[in-house]
Number of protein chains: 2
Amino acid sequence: MKDLLQRLAERQWQMTPQRRVIAEVLAGEHVHLTADEILDRAVERLPEISRATAYKTLNELVALGEVSIITVGGRARRYDPNVGTPHQHLVCEGCGLIRDIHPAGQTGLSLASPESFGFTLTGVDVVFRGLCPDCANNKS
Amino acid sequence: MKDLLQRLAERQWQMTPQRRVIAEVLAGEHVHLTADEILDRAVERLPEISRATAYKTLNELVALGEVSIITVGGRARRYDPNVGTPHQHLVCEGCGLIRDIHPAGQTGLSLASPESFGFTLTGVDVVFRGLCPDCANNKS
DNA sequence: CTGCTTGCAAATTGTTTGCAACACC
DNA sequence: GGTGTTGCAAACAATTTGCAAGCAG
């Protein structure tokens, strides 16, 4: 799948320095960051970017469907730029680290119709929880 | 599985009027409420209960492992008293309704070891997203 | 008396919004 | 000049905390 910046260009999304930096931060990291972490990294590259702009940009990317929000326990939302590649998440309950999992086996998790209560299904989120090796060692 | 109040009594959890009301609200509803909704229902039964107490009580129940938090999109956390019975969630993206699903087929969702990055797995959350019949009809 | 629970109010955290200033065609 | 973007500060929402007062053993 194409790069986030490429996809945005194709969609004629108006590019600005602030927006580019946000998109670059999202595309460049393989973990899933909170809005604040994204802002921190964006500020390193472009010190005059403001919090409001970061939030507005992120919300727009979500509205465009180019980024999705994953909420796993913690207080703050995290943003996942990896749409288009179906994947699941593996969350460390110790340190909050989130890894992407690209399932090898059958992904076709679905719901039998008698169980679906008449819902029109649009997606499934799967989150594995556990302890990463580091946290497993440091635990009492 | 036993009732939440029974389990709490067995664990010698100190009972108070406020705590009982919170536990009753949790046990009595089959949907998953936010802290505010729980507080509203608790206030109906016990008007002098305070928000801080509701939060403290909920956090304690979570710490005890008798209630779990589910975070699905929306801003506020929701509390799930239905621990002990493995189940999944079906969330309406229109109105936020959450239903429990007790899977008939394969429950044993697991991770192949080459994919687990050395994590010690403790659980899996599965959330189906879709539109409930009402919201599907009212949609443009 | 001692320890845990409660309630108020204030603090924190995460996110959104109103609005004036700006940049770009 | 009009449309859309930015940044500040203030508003908001959800949750947590400090602390004095209350209750139970």
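The figures here come from the full heavy-atom set of this structure, side chains too, leaving out hydrogens, waters and symmetry mates. Convention: sequence-line order gives letters A, B, ...; per-chain numbering from 1. Note that the structure is a prediction, hence the values are computed from the model and not measured.
- Side-chain contact annotation: W13(A) with E60(A), donor-acceptor N/O pair under 3.5 Å present.
- Rounded to whole angstrom, the span from the CZ atom of R78(B) across to the C1' atom of dT15(D) amounts to 16 Å.
- As a whole-Å value, the separation of R77(A) CZ from dT13(C) C1' is 13 Å.
- Side-chain nitrogen and oxygen atoms of R75(A) include none within less than 4.0 Å of the OP1 or OP2 phosphate oxygen of dT15(D).
- Look at CD1 on I22(B): it is 13 Å from C1' on dT5(C), rounded to the nearest Å.
- Between T53(A) and dT6(D) there is no side-chain polar atom (N or O) within less than 4.0 angstrom of OP1 or OP2.
- For Y55(B), a side-chain nitrogen or oxygen approaches OP1 or OP2 of dT15(D) to under 4.0 Å.
- Residue Q14(B) places no side-chain N or O under 4.0 Å from the OP1 or OP2 atom of dG3(C).
- Distance from the side chain of E48(B) is smallest for dG7(C) among the nucleotides dG14(C), dT6(C), dG7(C).
- The NZ-C1' distance, from K56(B) to dA14(D), rounds to 16 Å in whole Å.
- Between N59(A) and dT15(C) there is no side-chain polar atom (N or O) within less than 4.0 angstrom of OP1 or OP2.
- Ring planes of H87(B) and H32(B): parallel class, angle under 30° (limits at 30 and 60°).
- In this structure, CZ of R19(A) is placed 14 Å from C1' of dG7(D), rounded to the nearest angstrom.
- When the side-chain nitrogen and oxygen atoms of T16(B) are compared with OP1 and OP2 of dT6(C), one or more of them lie within a distance under 4.0 Å.
- Atoms CG (L58(A)) and C1' (dG7(D)) sit 16 Å apart, rounded to a whole Å.
- Nucleotide dT5(C) holds its C1' atom 13 Å from the CE atom of M15(B), rounded to whole Å.
- Donor-acceptor pairing under 3.5 Å is lacking for the side chains of Q18(B) and T57(B).
- Rounded to whole angstrom, the span from the CG atom of L46(A) across to the C1' atom of dT5(D) amounts to 13 Å.
- Both A52(B) and A76(B) sit near DNA chain D, but only A76(B) has its closest nucleotide nearer the 5' end.
- No more than 12 heavy atoms of other residues, nucleotides or ligands sit less than 6.0 Å from atom CD of Q12(B).
- Between the side chain of R11(A) and the main chain of L64(A), a donor-acceptor pair closer than 3.5 Å is present.
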